[in-house]
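Bear in mind that the values here come from a model prediction, so they are computed numbers and not experimental data. Below, all heavy atoms of this structure are taken into account, side chains as well, without hydrogens, waters or symmetry copies.
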Amino acid sequence: MHEQPRLWRSSFVRGSVMSADAQPDVLDVRFPTRRILAIIGDKWTTVVLYCLSIRERRRFNELQKQIPDISKKMLIQTLRNLERDGLLERTVYQQVPPKTEYRLTDNGHKLREPIAWLCQWGMNNREFIDGIIEARARAVLTGYAHKSTGYAHKS
């Protein structure tokens with residue numbers, strides 16, 4: 001049986017090089033990158049977080065206008081999940097009509113920089129991203145998306 005290689009790398013941490021033996025396996029479900037992507041890696045979470053990071057407070061309708069292709073149901077679900085995870089705070093004002101505002105918590109603010117960086121990276125790499133999206137679309141149109149490549153898979 002062929003064993004998967006362990007993806008350990010030495011890395012620069014707090015001014016010193018960490019040995020490969022000391023670093024966790026990136027394939028492990030406890031690896032921090034996998035854990036944060038499990039929290040923010042869905043289709044809408046980073047978009048909502050980015051919108052909330054641009055301006056301190058947002059009303060529901062403002063978010064919905066800012067993200068026109070998100071359904072009301074999905075926006076509500078995403079906001080609830082972010083509130084559950086302690087990344088945003090919801091304030092309901094008892095008035096007519098009712099007013100609800102959302103803002104990032106201190107923990108939500110910790111994600112501002114990496115999400116802003118990812119958005120900037122996306123803007124700088126549009127052609128690369130467009131190429132992948134176009135290749136996916138071609139694969140779906142030609143029926144290639146889930147067909148076998150003809151290569152034997154060794155276990």
Would you say Phe31 and Val29 are hydrophobically clustered, going by side-chain heavy atoms of ILVMFWY under 4.5 Å? no
Linking I/L/V/M/F/W/Y whenever their side-chain heavy atoms sit closer than 4.5 Å, directly or via other members, would Leu52 and Ile39 fall into one cluster? yes
Does Glu101 have any side chain to side chain contact (heavy atoms under 4.5 Å, CB included) partners at least two apart in sequence or in another chain, and if so, which? Arg57, Arg59, Tyr93, Lys99
Cluster overlap Ile36 with Ile115, hydrophobic side-chain contacts below 4.5 Å: yes
Sequence neighbours excluded, the answer for side chain to side chain contact (heavy atoms under 4.5 Å, CB included) partners of Val92 is Arg90, Gln94, Thr100
Residue pairs passing the side chain to side chain donor-acceptor pair (under 3.5 Å) test where at least one lies in residues 69-82, sequence neighbours excluded: Asn81-Arg84
Please enumerate all residues that pass side chain to side chain contact (heavy atoms under 4.5 Å, CB included) together with Asn61, with sequence neighbours excluded. Gln64
If the condition is side-chain hydrogen bond (donor to acceptor under 3.5 Å, both in side chains), which residues does Asp85 pass it with, not counting sequence neighbours? none
Side-chain polar contacts of residues 122-135 - donor-acceptor pairs under 3.5 angstrom, sequence neighbours left out - could you list them?
unit_1	atom_1	unit_2	atom_2	d
Asn124	OD1	Gln120	NE2	3.1
Asn124	ND2	Gln120	O	3.4
Asn125	ND2	Trp121	O	2.8

Across all chains, not counting sequence neighbours, the side chain to side chain contact (heavy atoms under 4.5 Å, CB included) partners of Asp106 are none
Answer with yes or no whether the hydrophobic clustering places Ile54 together with Tyr102; edges join I, L, V, M, F, W, Y residues whose side-chain heavy atoms lie under 4.5 Å apart. yes
Can you name the closest pair of heavy atoms from Arg112 and Leu104 and give their distance? CG-CD1, 3.8 Å
Which pairs, with at least one residue in residues 46-56 and sequence neighbours excluded, count as a side chain to side chain donor-acceptor pair (under 3.5 Å)? Arg55-Glu62
Thr142 side chain to Ala139 backbone, donor-acceptor under 3.5 Å: yes
Compare all side-chain heavy atoms of Leu79 with those of Phe60 and state whether any distance is below 4.5 angstrom. yes
State yes or no: do Leu82 and Ile76 share one hydrophobic cluster built from I, L, V, M, F, W and Y residues joined by side-chain heavy-atom distances below 4.5 Å, directly or via other members? yes
Applying side-chain hydrogen bond (donor to acceptor under 3.5 Å, both in side chains), can you list everything that pairs with Arg35, at least two apart in sequence or on another chain? none
Heavy-atom closest pair, residues Leu63 and Cys51: CD2-CB, 3.8 Å
Nearest heavy-atom neighbours spanning Val47 and Lys43: CG2-O, 4.0 Å
